[in-house]
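Within every chain, numbering begins at 1; the chains are lettered A, B, ... in the order of the sequence lines, protein sequences first and strands thereafter. In this text the structure is predicted, and so the values were computed from the model without any measurement.
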2 protein chains.
Amino acid sequence: MAHPALAKEEVVARLMKVFRREGYEGASLSRLSEATGLGRSSLYHHFPRGKEDMAAAVLDLARARLGPLVLEPLAGPGPVRARLEAMARGYAEFYEEGHASCLTELFGIGTAGEQFIPRLTQSSDHLIGAIATALVETGMAEPRARQRAEDALIAIQGALVLSRARNTTAPFHRILAELPDRLLG
Amino acid sequence: MAHPALAKEEVVARLMKVFRREGYEGASLSRLSEATGLGRSSLYHHFPRGKEDMAAAVLDLARARLGPLVLEPLAGPGPVRARLEAMARGYAEFYEEGHASCLTELFGIGTAGEQFIPRLTQSSDHLIGAIATALVETGMAEPRARQRAEDALIAIQGALVLSRARNTTAPFHRILAELPDRLLG
DNA sequence: GTCTATAGCTAGATAGAC
DNA sequence: GTCTATCTAGCTATAGAC
């Protein structure tokens, strides 16, 4: 049959799982093939430049997921504090309650990861912009809002790192719980 | 000649450079051999279990460097604020002014990195303990001191991550500059 | 669009001479 | 302690049938 075994989005979701578990360098075509149920050649049919293209698709999917989980709650109606709390819940879900690594760790490490830096920059731009916009709504001055937004990303990513180093998700959950207060000052 | 071409510490320092540039998975024996000037077999003579042992030696060297750069300034005499400033300078040097990745990113990613988690846990334990001890000296309650110390590590590691994602060391330097004030409240 | 088969290479690791 | 030479396994990637 010439029919797709899986919807492309489902394929990419399965690739994401492998990259999250193994990192970009550690994810081998064998594992990626096994996880998707697609043979090597089928993977190359969908992703002509191989692992590179698969990683790019995974980063695109990550960005797509951050929309409903983080960006939309931030932009949506309601009081700013409630929106920041919704954002924190979105982050918790996106990072699998603190068990996942942040994307920069997975894709931005080493010379092989340099090609993905522009995508990571773009994602952090969007997130910082969205948080800052919400803070400005409360009357906060733009520069301070942007700095606090940057601090939020720093705290989230740092908490993920420490959570892995210490084998507990406690730092991640603590930081998320504190996030609205930290942002609103 | 049966003489060492390089002192072992110099060999490990060169290995560290490669691991910092490529990450654990990305660092190949070819690169490690090239960087040290030692053939594959010589590397296996010094590190019988190969890359695994090299990484362990690099993590030991990192810990040794954190002593004089971070732990000793924290413990040493003088007012606590001055010691925290010295610690921040030590961190800046250790992380090459923000151009290096944090060790958890380099060695803690993926299934291959799991074996190094205990070492990373131990390092973070020491650092949190040392910072908290300094804060307690100022009269701060122990639990708050430990939490602030944890926040400091989170901020430093998060800033390193964001600095790489955004291709600028500005977040890293900003966080270090703010560190004493954040810790002392 | 998927498969089997395999090319071609580089990885990590070892043997044994000096 | 270092070297040259080499092994095996795994890797990414491709060819071509269905």
Side-chain angles (χ1 to χ4, degrees), chain A residues 1-59 61 106-107 109-116, chain B residues 1-59 61 106-107 109-116:
Chain A
M1 297 285 199
H3 291 306
L6 287 174
K8 184 137 182 177
E9 190 182 332
E10 175 61 20
V11 169
V12 178
R14 294 186 182 199
L15 295 175
M16 183 187 264
K17 278 194 180 179
V18 178
F19 281 118
R20 280 189 148 171
R21 194 171 55 236
E22 308 283 349
Y24 178 69
E25 299 267 12
S28 69
L29 285 199
S30 302
R31 297 271 186 219
L32 295 165
S33 168
E34 182 187 2
T36 53
L38 293 175
R40 286 163 147 63
S41 300
S42 302
L43 285 177
Y44 275 93
H45 174 78
H46 293 286
F47 308 98
R49 297 196 308 172
K51 209 160 86 161
E52 211 173 319
D53 279 354
M54 297 182 220
V58 165
L59 285 171
L61 174 60
L106 296 173
F107 295 99
I109 292 290
T111 49
E114 277 169 25
Q115 61 185 309
F116 303 116
Chain B
M1 296 287 200
H3 291 308
L6 286 175
K8 184 137 181 177
E9 189 181 332
E10 175 61 20
V11 169
V12 177
R14 294 187 184 199
L15 295 175
M16 183 187 263
K17 277 194 180 178
V18 179
F19 281 117
R20 280 191 147 170
R21 194 171 55 236
E22 309 283 349
Y24 178 69
E25 299 267 13
S28 69
L29 285 197
S30 302
R31 296 270 187 222
L32 296 165
S33 167
E34 182 187 3
T36 53
L38 293 175
R40 285 164 147 63
S41 299
S42 302
L43 284 177
Y44 274 93
H45 175 79
H46 293 288
F47 307 98
R49 296 196 307 171
K51 210 161 88 161
E52 211 173 320
D53 280 353
M54 297 182 219
V58 165
L59 284 172
L61 173 61
L106 296 172
F107 295 98
I109 292 290
T111 48
E114 276 169 25
Q115 60 186 310
F116 303 116

Exercise. Flag this pair as yes if the NZ/CZ of A:Lys51 is under 6.0 angstrom from the six-membered ring centre of A:Phe107 and inside a 45 degree cone about the axis; otherwise no.
Key: no
Quiz item: Are B:His45 and D:dT2 close enough that a side-chain N or O sits under 4.0 Å from OP1 or OP2?
Solution: no
Quiz item: Could you state the NE2-C1' distance from B:His46 to D:dT2, rounded to the nearest angstrom?
Solution: 8 Å
Practice problem: Apply the side-chain contact (heavy atoms from CB on, under 4.5 Å) test between B:Arg20 and each candidate in B:Val58, B:Leu106, B:Leu15; give the one that qualifies. | Solution: B:Leu106
Quiz item: Looking only at heavy atoms, which two atoms of B:Tyr24 and B:Ala112 are closest? And how far apart?
Solution: CE2-CB, 4.0 Å
Quiz prompt | Interatomic distance, B:Leu6 CG vs D:dC3 P [rounded to whole Å] | solution = 10 Å
Quiz item: Atom NZ of A:Lys8 and atom C1' of C:dT2: how far apart are they, to the nearest Å?
Solution: 14 Å
Quiz item: Across the strands shown, which category fits A:Gly37 at heavy-atom distances under 4.0 angstrom: base, sugar-phosphate, nothing?
Solution: sugar-phosphate
Quiz item: What does nucleotides 11-18 of chain C look like as a protein-contact string, B for base, S for sugar-phosphate only, - for none, at under 4.0 angstrom between heavy atoms?
Solution: SBBBB---
Quiz item: Over how many whole Å does the gap from A:Glu22 atom CD to D:dG10 atom P extend?
Solution: 15 Å
Quiz prompt | Smallest separation among heavy atoms of B:Gly39 and B:Ser33, with atom names | solution = CA-OG, 3.8 Å
Exercise. Decide if atom CZ of B:Arg31 counts as having more than 12 heavy atoms of other residues, nucleotides or ligands within a radius under 6.0 Å.
Key: no
Practice problem: Can you sort out the partners of B:Thr111 under side chain to side chain donor-acceptor pair (under 3.5 Å), two or more places apart, ordered by chain and number? | Solution: A:Glu22
